Every structure is written in C-alpha cells, then in structure tokens.
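Order of the sequence lines sets the chain letters (A, B, ...), proteins ahead of strands, with each chain counted from 1. What you see is a predicted model, and the numbers here were worked out from it, not measured in a lab. The figures that follow rest on heavy atoms only: side chains count, while hydrogens, waters and symmetry mates do not.
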Amino acid sequence: KAGVTQTPRYLIKTRGQQVTLSCSPISGHRSVSWYQQTPGQGLQFLFEYFSETQRNKGNFPGRFSGRQFSNSRSEMNVSTLELGDSALYLCASSLRSTGGKNEQFFGPGTRLTVL
Amino acid sequence: AQTVTQSQPEMSVQEAETVTLSCTYDTSESDYYLFWYKQPPSRQMILVIRQEAYKQQNATENRFSVNFQKAAKSFSLKISDSQLGDAAMYFCAYRIPTGNQFYFGTGTSLTVIP
C-alpha cells in the first residue's frame, strides 16, 4: 500500500505570496492532519479534516486554511506569506478521526522557504 | 491545555549501549494515548511505540521500551543495543481518544557513535 505523499517537496516563495500544498493519504484513510514543524518549536498542529469536514483546528491565524476532497486528498493554503511561515509542513493520515490506537502515518513533508 | 515537554534537545549514545529519552506531559484527562515517533534525516516520521494510559504494563517493541509513570506524567523511551540506524530526531506525542489532535514535544536529537 502506498504511503502518504506530499507535493511539492520544496517550495520557495516571497513575502506576500500565497501557496497551496497537497497531501494524498494512504488509501482508505479518511482523516488528514496538517502540522507545521520548525526548529525549536517541534510540530504544531494546524488542522484536521475528516470526510471533507474540518474536525479540529490549532492556534494559527486565518491565513492558514485547508480543505479535503471526496477522495480524502487534502490541500493546505497559506495566504499573504510571512518570513515566519518558513517551515516543514507535514501531513499525516489515519483511518479514523477518533478512538483507540488510531495511528497517524506521516508524509515526507513540504519544505517551504519564504524570502 | 495539554503540553508535552522533552527536556533533552540532544543525546548521544555509543553503538550497542542503552539510552533513555525523557518526556513529560501535562493533562487533566484520565484516558489518553502516548506515542514516540522517530524522524530520521530523510524526514519521514515513523511510529516507534505507543502506550495506552489505562494500561499499567509498559509497552515494548523489540529494542524499544517505555517507562510510563502515570502519576508523575512521565513517558520515557529506552533504546537498548543502540544501532547506527537509530540516529534520528525522536518526538514524544500525546493524543486524547476523543479527538485526533496530537500534541508533540520539541524533540530529542539522538546521535549514535560507532
């Protein structure tokens, strides 16, 4: 079974631009979560989508948004980019949104650099 | 609010030796799940081991084991017979069963010395 894939792997943008990142979960997984990873901050939860609905949201400004499609693929959008948005963005998929030993499987990440 | 703290930003261990990575967390929940994830230099995070809070028995996966102290809210990872492939960033994570939001620590970078 193919793992979680993320595209693109690397992105360079300038301040003020917007960017869209894509995540394809493991086949059959309906939950997709997004994390921002920066040195010293670890992983910070952005949001989770399940069955095309946002289930949970972290403490990020409204410039960060996402959506999920009927095939469970998810996109994350960041508008009006700031230098501080430079980070590794990780996507994780899981079977369900709640319960039990629900494990998250991570993608390789998208490295976003804002100049 | 749930927080996860890893107080050791960097650790090193000699090959074949044992190392313990520390993790503490703060929560008011009684039922939850704890995880250790490994992120090698290639960046793909993989699950190392997990522990259900309602289980008193410490989880074990081959050379990896945990010391779960619920009252102390401590969840340390022990790696026995360390191998070069164990070199990675290790993240401790907490998740409540009623949601899929994981809270991660800031990570411990483990170096394995040949």
Heavy-atom side-chain contact between Gln39(B) and Gln37(A) under 4.5 Å = yes
ask   = Rounded to the nearest 0.5 Å, how far apart are CZ of Phe106(A) and CG of Leu47(B)?
value = 9.5 Å
Transitive ILVMFWY side-chain link Leu88(A) to Phe64(A), under 4.5 Å = no
inquiry  = Would a single hydrophobic cluster contain both Val78(A) and Leu83(A), if residues Ile, Leu, Val, Met, Phe, Trp and Tyr are joined by side-chain heavy-atom contacts under 4.5 Å?
reply    = yes
ask   = Linking I/L/V/M/F/W/Y whenever any side-chain heavy atoms sit under 4.5 Å apart, do Leu43(A) and Met76(A) land together?
value = no
Residue pair Gln44(B) / Pro108(A): nearest heavy atoms and the distance that separates them = OE1-CB, 3.7 Å
request  = Test Tyr35(A) against Phe102(B) for ring-ring contact (aromatic ring centres under 6.0 Å, His included), laying out the working first.
outcome  = CA-CA 10 Å; Tyr35(A) 295 86; Phe102(B) 281 64; 7.1 Å; no
query = Applying the 4.5 Å side-chain criterion to the ILVMFWY set and letting contacts propagate, would Val114(A) and Trp34(A) be lumped into a single cluster?
reply = yes
Proximity breakdown for Tyr103(B) and chain A, heavy-atom pairs closer than 4.5 Å = neither
query = Would you find more than 12 non-hydrogen atoms of other residues, nucleotides or ligands less than 6.0 Å from Lys78(B) atom NZ?
reply = no
remark   = Distance col, row Ser94(A):OG vs Arg95(B):CZ, nearest 0.5 angstrom, shows 7.5 Å
key: Path from Leu112(A) to Phe47(A) over hydrophobic side-chain contacts below 4.5 Å   = yes
query = Taking it one step at a time, do Tyr37(B) and Gln104(A) satisfy side-chain contact (heavy atoms from CB on, under 4.5 Å)?
reply = CA-CA 10 Å; Tyr37(B) 278 88; Gln104(A) 291 200 331; 3.8 Å; yes
